[in-house]
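To keep things clear, I will list the structure first and then write my remarks on it.
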Amino acid sequence: MASPQLDKTYNPKAVEKQWGAYWAEHQLFQPRHTGEDGSFCIVIPPPNVTGSLHIGHALNNTLQDILIRWKRMQGLKTLWIPGTDHAGIATQNVVERQLKEEGQSREDLGRQAFIERVWTWRHQSGDTIIGQLKQLGASCDWDRLRFTMDEGLSLAVREVFVRFYKEGLIYRGERLINWCPRCLTALSDIEVQHEDLKGTLYHIRYALAEDPETFLTVATTRPETLLGDTAVAVHPEDPRYQHLIGKQVRLPLTTRTIPIVADSILVDREFATGAVKITPAHDFNDFEAGERHGLKPLTILDYKAQMDPVGLKNAMVDQDLLATLSLKSVQEARSIVIETLKQKDLLIQEEEHPMALGKCYRCKTVVEPYLSPQWFVKTAPLAVPAIEAVETGKIRILPEGWKNNYLGWMRQIKDWCISRQIWWGHQIPAWYCRNCNKNNLLDTGHAVEATTLPDSNKMSCFISPNAQPIVSKTDPKICPRCGGSDLFQDPDVLDTWFSSALWPFSTLGWPEQTQDLKTFYPTSTLVTGLDILFFWVARMVMMGIKLTGQVPFRDVYIHALVRDAEGQKMSKSKGNVIDPLTKMSQYGTDALRFTLASMASPGRDMKLAEERIEGYRNFVTKIWNAARFIQLHADGPKTAAPLESRPFPDRWILSRKPCHSGSHQGLRRLSL
RNA sequence: AGGCGGAUAGCUCAGUUGGCAGAGCACUGCCUUUACACGGCAGAUGUCGCAGGUUCGAUCCCUGUUCCGCCUACCA
């Protein structure tokens with residue numbers, strides 16, 4: 001550096017640009033060392049391909065960058081793999097919103113054209129966040145950039161699906177699943193966010209069939225679903241009701257009678273009236289109770305969470321009410337049902353009742369339990385080694401407090417619903433022969449939709465659970481059973497998290513036994529936020545151990561969430577977002593990174609106020625000016641004096657060399 | 001409902017084997033001293049949530065309690 005005098009203040013933009021270009025030109029982030037001292041690998045938590053860098057990314061990637069640069073300086077063969085996630089529902093929603101502005105829907109375009117449209121969008125916007133990561137100074141090996149829908153990664157997905165299917169770890173079945181009536185797709189359990197709210201508990205009288213003057217009172221928060229009731233449950237040992245078990249009640253607003261059954265699992269004697277209505281098609285507990293008592297589910301809501309005329313007819317709802325309720329939303333139907341019950345003097349009490357409501361994590365719409373055929377991963381066998389790996393310390397979770405969280409979830413894991421009724425994603429590698437499945441296609445309780453929906457929107461729930469799929473890595477041409485050639489692929493795509501569960505090894509070339517895989521797998525440390533511990537981390541552990549026989553990473557470092565100065569979650573709608581890109585250009589990348597790093601105490605959310613960034617910007621300037629001061633007073637380079645002849649202050653400074661520095665010790669303490 | 005975390009200066013937080021309480025910001029005073037006003041120097045500031053207990057000694061360990069936050073959960 002031979003400039004005559006440094007600027008008075010640090011100018012981050014110029015400096016960052018210069019170093020960015022230098023790093024790129026010299027390809028400094030490729031694994032360069034021999035690996036004699038070991039290797040160190042991090043896979044990036046792939047941000048959504050359509051996303052833009054937010055403060056959480058900034059924190060996450062700053063921490064990874066600190067680790068990876070530290071290891072690189074220590075001489076390890078070091079690799080940080082970058083990439084992006086196709087983010088099925090989220091991305092599809094973005095493009096659908098664009099279409100809507102143009103007055104179009106995805107159905108208007110049709111599946112093929114829609115997917116092409118998403119690819120176009122992906123090519124336009126997909127590199128945005130990558131550029132922003134570079135701006136943040138992330139020292140990823142950019143030559144190894146991956147995308148979950150790359151050819152290689154897609155092959156990995158198919159490989160896993162087929163292997164799992166053959167082993168019985170993937171199956172198709174008709175079950176009650178969480179359904180978003182706006183995204184029109186199934187969701188997994190953890191894609192539902194529960195929100196506490198004040199609900200109302202309605203006490204409704206069901207008259208005894210043999211004696212219309214005697215009533216059994218049930219309590220429910222969802223009176224509209226009573227039309228789909230198939231029984232009422234009481235506790236087998238409840239003296240109030242014991243004599244009623246086995247008798248029939250008339251289901252209000254219908255011409256049906258339903259039995260009173262005894263169920264000690266479903267019924268809590270202490271709660272409300274001690275009598276529970278059972279609606280197997282619209283409640284998870286009731287579904288299980290229904291199976292215990294051999295009750296056939298009666299679906300009354302359609303895929304848009306509207307009252308389904310066909311379902312209402314099957315449920316023998318009163319004629320006049322049926323007409324009124326048809327295609328009404330849940331909310332509207334509830335009001336109508338309540339009003340009608342009141343008129344008939346069957347609603348005897350309303351009380352406030354705290355409850356939790358499930359909402360779609362992508363669009364906040366109220367999620368409905370919905371009976372439909374879906375694909376599932378059988379998780380129990382995968383969970384066993386995933387539990388063991390953490391219990392025995394093959395995988396360390398830091399801070400340790402989250403270990404129990406992980407174990408608790410893993411121990412009571414439920415099967416993972418992996419099919420999504422959307423178009424953007426890895427289409428399920430299963431095909432159906434029309435000839436062999438004549439009676440199993442478009443077989444649905446929702447005849448209305450089956451006949452009115454355009455072909456392109458036929459959902460997999462119209463493929464009966466009895467249909468025989470042909471599961472194959474490559475597209476089959478003929479049916480292996482009958483030799484027929486009229487095949488079509490299952491229209492569903494896989495949960496986004498299915499492909500990201502393979503990320504630590506699919507990015508290294510798996511299933512090919514590549515050199516990268518041999519060198520860098522298992523990866524070293526995974527740095528991520530708590531919010532995706534189950535979505536992502538847990539699934540990577542299950543998949544990794546199952547498919548590679550090894551844990552996907554040794555350490556999981558879970559960092560805090562970034563909140564605003566008041567501790568509120570940052571969100572665009574609240575307007576409290578601190579945009580890292582703006583801050584970088586305002587104060588410099590180092591100031592932002594220093595702020596995030598200094599505040600990132602593990603296991604605790606960070607409240608970030610802009611003043612902090614400003615403060616560290618000042619600190620950066622201070623260092624800059626120290627250099628300026630030295631340059632002003634030093635008159636050019638000199639030969640280094642031997643240590644013994646140096647004054648005490650010099651020797652002290654030299655004793656504080658990097659490997660003894662505070663940051664080095666701090667990082668060592670994590671023993672990552 | 002269960003599990004976990006937090007409560008320390010006005011604000012945001014550190015405080016890792018228990019030994020007179022710390023930082024940054026904010027605040028006060030002085031300094032227009034050529035590295036830096038995105039500055040320097042000096043300074044004030046706390047019953048360490050509350051109540052017990054262990055200890056020579058507790059912000060730190062134990063018990064109880066209150067408030068806040070998060071995660072998991074099928075109480076209709």
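Proteins get letters first, then strands, A, B, ... in listed order; numbering begins at 1 in each.
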Self-check item: Over-ring placement of A/Arg175 relative to A/Phe376, 6.0 Å and 45° cut-offs
Solution: yes
Quiz item: When you look for runs of 3 or more Watson-Crick or G-U pairs in a row, both distances below 3.5 Å, which of them include RNA chain B?
Solution: B:1-7 with B:66-72, B:10-13 with B:22-25, B:27-31 with B:39-43, B:49-53 with B:61-65
Practice problem: Choose from B/A76, B/C36, B/C74 the nucleotide whose nearest atom is closest to any side-chain atom of A/Met355. | Solution: B/A76
Quiz prompt | side-chain N/O A/Lys414 vs B/C74 OP1/OP2, d < 4.0 Å | solution = yes
Self-check item: Carboxylate-amine/guanidinium contact A/Asp590 A/Arg617, below 4.0 Å
Solution: no
Practice problem: Return the value, rounded to whole Å, for the distance between atom CZ of A/Arg628 and atom P of B/A35. | Solution: 9 Å
Practice problem: Over 60° means perpendicular and under 30° means parallel, so classify the ring planes of A/Tyr616 and A/Phe619, tilted if in between. | Solution: perpendicular
Quiz item: Of the candidate nucleotides B/C71, B/C38, B/A76, which contains the atom at the shortest distance from the side chain of A/Ala219?
Solution: B/A76
Quiz item: A/Asn618 or A/Pro354: which one's nearest nucleotide on RNA chain B is closer to the 5' end?
Solution: A/Asn618
Quiz item: Which nucleotide sits closest to the side chain of A/Arg612: B/C36, B/G24, B/U72?
Solution: B/G24
Practice problem: Describe the nucleic acid contact of A/Val267 in one word from base, sugar-phosphate, nothing, applying a heavy-atom distance below 4.0 Å. | Solution: base
Quiz item: Mind checking the P distance from B/C4 to B/U65? Whole angstroms is fine.
Solution: 15 Å
Quiz item: Listed by chain and number, what are the salt bridge (Lys or Arg N to Asp or Glu O under 4.0 Å) partners of A/Arg334, not counting sequence neighbours?
Solution: A/Glu224
Quiz item: Nearest to the side chain of A/Gln412, which nucleotide is it out of B/C38, B/A73, B/A35?
Solution: B/A73
Quiz item: Looking at the side chain of A/Val276, which of B/G40, B/A76, B/A35 is the nearest nucleotide?
Solution: B/A76
Exercise. Side chain of A/Ala356 only, please: which of B/A76, B/A73, B/A35 is the nearest?
Key: B/A73
Practice problem: Look at A/Lys622 and B/G40 and indicate whether a side-chain polar atom (N or O) is within less than 4.0 Å of OP1 or OP2. | Solution: yes
Practice problem: Return no unless some side-chain N or O of A/His194 is found under 4.0 Å from OP1 or OP2 of B/U72. | Solution: no
Quiz item: Is A/Gly358 touching bases, backbone alone, or none of the nucleic acid, heavy atoms closer than 4.0 Å?
Solution: nothing
Exercise. Look at the aromatic rings of A/Tyr370 and A/Trp179 and report parallel, tilted or perpendicular, splitting at 30° and 60°.
Key: tilted
Self-check item: Plane angle bin for A/Phe535 and A/Tyr361 - parallel if under 30°, tilted between 30 and 60°, otherwise perpendicular
Solution: parallel
Quiz item: If you check the A/Leu530 side chain, which of B/A76, B/C70, B/A73 turns out closest?
Solution: B/C70
Exercise. Can you tell me, in whole Å, how much space there is between the P of B/U16 and that of B/G22?
Key: 13 Å
Quiz item: Contact class for A/Asn405 vs. all strands (heavy atom < 4.0 Å): base, sugar-phosphate, or nothing?
Solution: sugar-phosphate
Practice problem: Send over the distance from A/Asp263 CG to B/A76 P, rounded to a whole Å. | Solution: 16 Å
Quiz item: Out of B/A35, B/C38, B/A76, which nucleotide sits closest to the side chain of A/Ala272?
Solution: B/A76
Quiz item: Can we say A/Arg269 and A/Asp238 salt-bridge, meaning some charged N sits less than 4.0 Å from an Asp/Glu carboxylate O?
Solution: no
Quiz item: How about A/Lys328: does its NZ atom have over 12 heavy atoms from other parts shown lying under 6.0 Å from it?
Solution: yes
Exercise. Would you mind telling me which of B/A76, B/A73, B/U12 lies closest to the side-chain atoms of A/Asp196?
Key: B/A73
Self-check item: Nucleotide nearest A/Phe271 when distance is taken to its side chain, options B/A73, B/C75, B/A35
Solution: B/C75
